[in-house]
2 protein chains.
Amino acid sequence: MKEDITNILKRNSLSLTASREKILQLFLSNDGALSHGDIEKKAGERFDRVTVYRTLQTFTEKGIIHTIPTADNAVRYALCKDNCSEGHHHDHHVHFICQQCKQTFCLDDVVTPDIKLPRGYALSHIEVVAEGVCRQCKR
Amino acid sequence: MKEDITNILKRNSLSLTASREKILQLFLSNDGALSHGDIEKKAGERFDRVTVYRTLQTFTEKGIIHTIPTADNAVRYALCKDNCSEGHHHDHHVHFICQQCKQTFCLDDVVTPDIKLPRGYALSHIEVVAEGVCRQCKR
DNA sequence: CATAAAAAGCAACAATGTTGCAAAATAGAT
DNA sequence: ATCTATTTTGCAACATTGTTGCTTTTTATG
Ligand SMILES: [Mn+2]
Ligand SMILES: [Mn+2]
Ligand SMILES: [Zn+2]
Ligand SMILES: [Zn+2]
């Protein structure tokens, strides 16, 4: 685990710092996606709010994590499993939000479908967010 | 126009008030979707922030408008064109966010595709958000 | 016009996000 | 191991966004 964390940071030429390590660890050990708030709560040690924002921004830019749009004013973040890189994300999977446990999951195996847009629109990227009840909550 | 507004409010058994009328008017006369902030800015008369929040909530509940998820912490709202009703929205169209003009559009004719989820997930509803450059900005 | 019910406004507050700058930590070279 | 340039953090101050309870105003209706 500590290995993985170091690797990810080195691979992206980011210096190893306590907050980056901790936040990465949270992502690695967490099933679902995390919001900024989740991270502030889950990180036992208290990092400054600003540090968390900046870390999330850096990670997103580097292609370590990606954002997931929501309708509740709380963007979620999740690890990129494909090999996304500086500036270019290319995970094209569907996300799932559980209405019961409120968790957000990456459905890594469900690829986003092709969508045919009307003439004149230049498409760069599609997000699909499914809502319902997750596996855990349903049984 | 004033006609339409009155109709919509009456049809949903909402009383006619200045803020509701103004906000509806904004939606009717605007091409794209509006965020809470857009509304505060565009409404010439100043309505209390709280009133705007409550109005948007009421409209959403009644099925007059629907929300559009985003990754920028600013949910957008747009008129429901299908006949959504109290509690149940059923517009299933794709949304488009222009990276240039930042506007969000309902692509009313582009229906959300069916998505096959892994075993165990109960699906209730799918959101598709496409990003790119809109017609206006592209020409 | 009177009245009950609904909505708006206000105040106070909580949560979220941003910026500039000084202090601390890190990486890399001696 | 120590020094040093560079990067990152924490802090302070602030801006924006969202929420709640309560009072006043407005609306619908007889
Ligand atoms: Mn994902
Ligand atoms: Mn729409
Ligand atoms: Zn769940
Ligand atoms: Zn545009």
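Computed from heavy atoms alone, side chains included, the values below leave out hydrogens, waters and symmetry copies. Everything numeric here is computed off the predicted structure, so don't read it as measured data. Chain letters run A, B, ... following the sequence lines, proteins first, then strands; residues in each count from 1.
Note on L14(B) and Y77(B): same hydrophobic cluster, where clusters join Ile, Leu, Val, Met, Phe, Trp and Tyr whose side-chain heavy atoms are under 4.5 Å apart, directly or indirectly.
Using a 30° and 60° split on the angle between ring planes, H36(B) and Y53(B) fall in the parallel class, below 30°.
The backbone N or O of D4(B) sits nowhere less than 3.5 Å from a side-chain atom of N7(B) that would complete a donor-acceptor pair. Side-chain atoms of K62(A) come within 3.5 Å of backbone N or O of N12(A) as a donor-acceptor pair. Using a distance-only test at 3.5 Å, with no hydrogens or angles considered, no donor-acceptor pair links the side chain of R76(A) to the main chain of T67(A).
Put simply, chain A comes within 4.0 Å of DNA chain C, heavy atom to any atom, from dT16(C) to dA27(C), going 5' to 3'. Taking the 5' to 3' direction, DNA chain D first and last meets chain B under 4.0 angstrom from a heavy atom at dT17(D) to dA28(D).
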_Please evaluate residues S124(B) and Q99(A) with respect to the criterion side chain to side chain donor-acceptor pair (under 3.5 Å), reporting the C-alpha separation (whole Å), side-chain torsions for both, the decisive distance (0.1 Å), and the verdict._
CA-CA 9 Å; S124(B) 86; Q99(A) 290 157 340; 3.0 Å; yes
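Residue-level contact check: R49(B) touches the bases, meaning some heavy atom is under 4.0 Å from a base atom. As judged by a 4.0 angstrom heavy-atom cut-off over every strand, R54(B) is placed among the base-contacting residues. Nucleic acid contact class of S19(B) (heavy atoms, under 4.0 Å, all strands): sugar-phosphate only.
Summary of the strand contacts: T17(A) and V75(B) both lie near DNA chain D, and taking for each the nucleotide with the nearest heavy atom, the more 5' one is attributed to T17(A). Between A18(A) and T58(B), it is T58(B) whose nearest contact on DNA chain C lies nearer the 5' terminus.
The ring-ring contact (aromatic ring centres under 6.0 Å, His included) check on Y121(A) picks up F96(B), with sequence neighbours excluded. Every salt bridge (Lys or Arg N to Asp or Glu O under 4.0 Å) that D108(B) has, sequence neighbours left out, goes to K81(B). When the side chain to side chain donor-acceptor pair (under 3.5 Å) test is applied to R20(B), the partners found at least two apart in sequence or on another chain are S15(B).
Here E40(A) does not pair with R46(A) in a salt bridge; the nearest charged N to carboxylate O distance is not below 4.0 Å.
Contacts between residues 2-13 of chain A and DNA chain C, defined by a heavy-atom separation under 4.0 Å, are absent.
Side-chain contact check for K42(A) versus N30(A): some heavy-atom pair is nearer than 4.5 Å.
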